[in-house]
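Below is one structure, written out as C-alpha cells, with a few remarks after it.
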Amino acid sequence: MRRDNHARRQAIVELASTSGLASVDELSQRFGVTASTIRRDLAQLEQSGQLARTYGGARAILAHPEADLRQRLGEAHEAKRAIGHWAAAQVRPGETILLDAGTTTAAVAHELRDREGLTVVTPGMTVLNELASADGVEVECLGGTLRQLSQAFLGPATEAALERRTFDRVFLGADSVTADRGICEADVRQTRLKELMTRQGKQVYLLVHAAKIGRAPFHAWAPMPRHWTLVTDQSVEEAALEPFRARGVGIAVVGLQGERVR
C-alpha cells in the first residue's frame, strides 16, 4: 500500500508539472481513488514541498520556474536551428518583419544575416546581437524596460512603439502553448506584449520546439488570433498536434534542413 501511495503521489507531481494545475476531481478519476484520498495525497505533497495547494486542487512548485537565457541556449539546439531555417525561408525580399525575443527567434535572425532589403523589428537582445553586423538588414529595436532573465524589452514604452507599426510577418516565441488558451509565459507583461504582436502582423507564426506544446507551466496567457501557424520540430507527437488541427491552426513540422515533413 505504501508503494502504491508513493507511486501515485509521484505521478500527481509529474502531472501537475506538465499540465500546470491538477484538480481533486480530475486526479480522483484518473487514479481511481476517492477524493479524500487525493486530498491526503496533496496535503502530504504540500508538506514535503513538492506541490502548492490551490482551491480544489494543486499546482507544481518548480525549483527554477523559468529558465534564464543561458539555460535556454542549450535546449533543443538542433530543433531550433531547423525551425529557424524554415521560418527564414518564408521571408521575402523587401518585407518588414517582427522577431520576438528568445533563442528560437534568434535562430531565425541568424539565417537572415546575409539577406538584403529587409527590415527587422525586435524587442529582443538575442536578435539584435545576431543582426548587429548584417549590413543588408535594417534593424529596429522596440525599447522599453529590459527584463534581465529573458533579455527582452517590455512595458508601456515597448507597447506604444509596437502599436505604431505593422508587419508582413510576425514570428513569436513562447515558454509553452496550448490549443485552447494560446501562449503561456511566466510574466503577464510578456503575454500583454505578445498579444499586441499578434494584432500587428499579416501572417503570424509561433515557433516552439516539441517539448513546449500542450504544457501550462505558468499562469499568464496570450490568446492567439483566428489565423496563425504553429511551427515545430519533427520530434512532436501527432496526438499533441490534434487539438490545434481541430481549431484550424496551420501547422508546419520541420526537419533538420528546414523542410516541411508533415
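- In this structure, the side chains of Leu98 and Met197 come closer than 4.5 Å at one or more pairs of heavy atoms.
- Salt bridge Glu238/Arg245: present, at least one basic N to carboxylate O contact under 4.0 Å.
- Classification of Arg192 and Glu195 as a salt-bridged pair fails, no side-chain N sitting under 4.0 Å from a carboxylate O.
- Here the shortest heavy-atom pairing between Thr232 and Ala210 reads OG1-N, 3.3 Å.
- Under a 4.0 Å N-O distance rule, the pair Lys194/Asp100 qualifies as a salt bridge.
- Taking the side chain as every heavy atom from C-beta outward, Thr198 and Pro225 approach each other to under 4.5 Å.
- Annotation: side chain of Val139 is in contact with side chain of Leu128 (closest heavy-atom distance under 4.5 Å).
- Leu206 places a side-chain heavy atom less than 4.5 Å from the side chain of Ile183.
- By the 4.5 Å heavy-atom criterion applied to side chains, Val208 and Val231 are not counted as neighbours.
- Taking both residues in full, the closest heavy atoms of Pro123 and Thr158 are given as CB-CG2, 4.3 Å, listed atom of the first, atom of the second, then distance.
- Residues Ile97 and Val170 are not in side-chain contact: their nearest non-hydrogen atoms beyond the backbone lie 4.5 Å or more apart.
- Proximity of Ile38 to Val33: side-chain heavy atoms (C-beta onward) are separated by under 4.5 Å at one or more points.
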Quick one, Val177 with Arg215, criterion side chain to side chain contact (heavy atoms under 4.5 Å, CB included). Give me CA distance, side-chain angles, the key distance, then yes/no.
CA-CA 6 Å; Val177 61; Arg215 298 183 62 245; over 6 Å; no
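- In this structure the side chain of Arg92 reaches within 4.5 angstrom of the side chain of Arg169, judged on heavy atoms.
- Legend: salt bridge (Lys or Arg N to Asp or Glu O under 4.0 Å) pairs involving residues 126-146, not counting sequence neighbours, sorted by first then second residue: Glu140-Arg165.
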How far apart are the C-alpha atoms of Val204 and His227, what are their side-chain angles, what is the distance that settles it, and do they pass the side chain to side chain contact (heavy atoms under 4.5 Å, CB included) test?
CA-CA 8 Å; Val204 177; His227 301 292; over 6 Å; no
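- With sequence neighbours excluded, no residue forms a ring-ring contact (aromatic ring centres under 6.0 Å, His included) with Phe244.
- There is a side-chain donor-acceptor pair under 3.5 Å between Ser150 and Arg147.
- Applying the ring-ring contact (aromatic ring centres under 6.0 Å, His included) test to residues at least two apart or on different chains, the pairs with a partner in residues 157-176 are Phe171-Tyr205.
- In this structure, Arg8 pairs ionically with Asp41, as a charged nitrogen and a carboxylate oxygen lie closer than 4.0 Å.
- Between the side chains of Thr37 and Arg40, at least one donor N or O lies within less than 3.5 Å of an accepting N or O.
- Contact detail for Arg113 and Ala134: the closest heavy-atom pair is O-CB, 3.4 Å.
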